[in-house]
Amino acid sequence: MASGNLQWAAPKPLKLDGNVSENSRKFEEHWTLFEKTELKGRSEEERCSYFLLCIGEKGREVHKTLTFATPETETNQEGVTTWKRTTNELKSAFKTYCNPRKKHYVRTTQIQHTESRRKRKHRPVCDCFAHSRSNM
């Protein structure tokens, strides 16, 4: 086995169709491994650039619509631009985008189920012709 520079494959672009939640989980898992191996010692700006390259074209379109607490860059009085955003902010924003309202959906389903049980419980006995004929 040869020792030396081993190049790891970058994650495949994030798929934003189908099961987006599962696709996001797989992408994040691969990204974490890639970040630990290939991006060790890189600046935060480089890491963010790699992240935006790896999420693919559709992911970058989504990125343009997301809002962040911190600006991407900041320019000081001397005109020097510094990078402010972190990869953790990017990952968090995409995680929120890909897993929008799981808890709300579950809660809504539970409420609907409870209401339908109540309705069934208080139904009047059938007074139809077929029901009366079966009791003869």
Side-chain angles (χ1 to χ4, degrees):
M1 190 151 125
S3 63
N5 249 352
L6 178 64
Q7 295 293 320
W8 293 91
K12 293 179 183 173
L14 176 62
K15 293 181 184 175
L16 295 172
D17 52 355
N19 188 347
V20 179
S21 179
E22 182 64 17
N23 295 343
S24 169
R25 185 194 63 77
K26 288 178 180 179
F27 176 83
E28 187 174 353
E29 187 177 271
H30 196 154
W31 170 259
T32 302
L33 294 171
F34 179 72
E35 191 175 30
K36 287 179 181 177
T37 56
E38 289 297 306
L39 303 180
K40 194 183 296 184
R42 303 275 181 138
S43 71
E44 200 61 42
E45 182 178 6
E46 289 176 310
R47 289 169 163 237
C48 288
S49 296
Y50 272 107
F51 183 84
L52 292 172
L53 282 171
C54 290
I55 60 171
E57 188 176 336
K58 288 183 182 179
R60 285 189 298 277
E61 288 174 15
V62 168
H63 173 258
K64 292 175 186 175
T65 67
L66 300 174
T67 56
F68 296 93
T70 59
E72 194 168 87
T73 59
E74 193 173 83
T75 307
N76 63 12
Q77 293 174 346
E78 291 91 37
V80 178
T81 303
T82 56
W83 190 263
K84 291 293 179 185
R85 193 162 297 149
T86 65
T87 51
N88 287 335
E89 288 175 304
L90 288 174
K91 288 191 293 187
S92 175
F94 272 94
K95 194 172 195 174
T96 302
Y97 177 83
C98 293
N99 301 306
R101 292 189 216 157
K102 246 182 203 173
K103 291 181 183 176
H104 177 72
Y105 173 75
V106 171
R107 181 75 182 131
T108 304
T109 306
Q110 289 172 344
I111 290 169
Q112 288 170 350
H113 175 70
T114 304
E115 288 175 359
S116 69
R117 284 186 63 207
R118 284 186 193 143
K119 288 177 185 175
R120 279 184 274 157
K121 196 176 199 180
H122 299 295
R123 281 189 187 159
V125 177
C126 180
D127 291 329
C128 63
F129 177 76
H131 187 267
S132 63
R133 298 296 291 168
S134 65
N135 291 334
M136 289 176 139

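Rounded to the nearest 0.5 angstrom, C48 SG and K91 NZ are separated by 10.0 Å. Here the straight-line distance linking atom OG of S21 with atom NZ of K95 works out to 9.5 Å at 0.5 Å rounding. The structure places CD of E46 at 11.5 Å from CG of L53, a figure rounded to the nearest 0.5 Å. Here K12 contributes atom NZ and F27 contributes atom CZ; the two are 12.5 Å apart, rounded to the nearest 0.5 Å. Atoms CD1 and CG, on I55 and L90 in that order, are 7.5 Å from each other to the nearest 0.5 Å. Taken from OG in S24 to CH2 in W31, the straight-line distance is 13.5 Å, to the nearest 0.5 Å.
Sorted by first and then second residue, the side chain to side chain donor-acceptor pair (under 3.5 Å) pairs with a member in residues 58-70 read T70-E89; sequence neighbours excluded.
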task: Would you sort out whether L16 and V62 count as a side-chain contact (heavy atoms from CB on, under 4.5 Å), showing the intermediate values?
output: CA-CA 9 Å; L16 295 172; V62 168; 3.6 Å; yes
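When hydrophobic clusters are built by joining Ile, Leu, Val, Met, Phe, Trp and Tyr residues whose side-chain heavy atoms come closer than 4.5 Å, directly or via intermediates, F34 is grouped together with L52.
A donor-acceptor distance shorter than 3.5 angstrom exists from the side chain of R47 to the backbone of L39, with no hydrogens or angles considered. Distance alone, capped at 3.5 Å, places no donor-acceptor pair between the S92 side chain and the N88 backbone.
You'll find the side chain of E29 stays beyond 4.5 Å of the side chain of K26, heavy atoms only. For the pair C54 and L14, the minimum side-chain heavy-atom distance is 4.5 Å or more. Side-chain contact between T75 and V80 is absent, with no heavy atoms from C-beta onward closer than 4.5 Å. Proximity of L33 to P11: side-chain heavy atoms (C-beta onward) are nowhere separated by under 4.5 Å.
Ring geometry for F94 versus Y97: interplanar angle over 60°, hence perpendicular rather than tilted (30 to 60°).
Qualifying side chain to side chain donor-acceptor pair (under 3.5 Å) partners for D17, counting only residues two or more places apart in sequence or in other chains: none. Residues meeting the side chain to side chain donor-acceptor pair (under 3.5 Å) test with T87, sequence neighbours left out: E35, E44.
No hydrogens or angles considered: nothing links the side chains of T81 and T73 as a donor-acceptor pair under 3.5 Å.
Cation-pi check for R42 over Y50 is not met; the charged atom does not lie both under 6.0 angstrom from the ring centroid and within 45 degrees of its normal.
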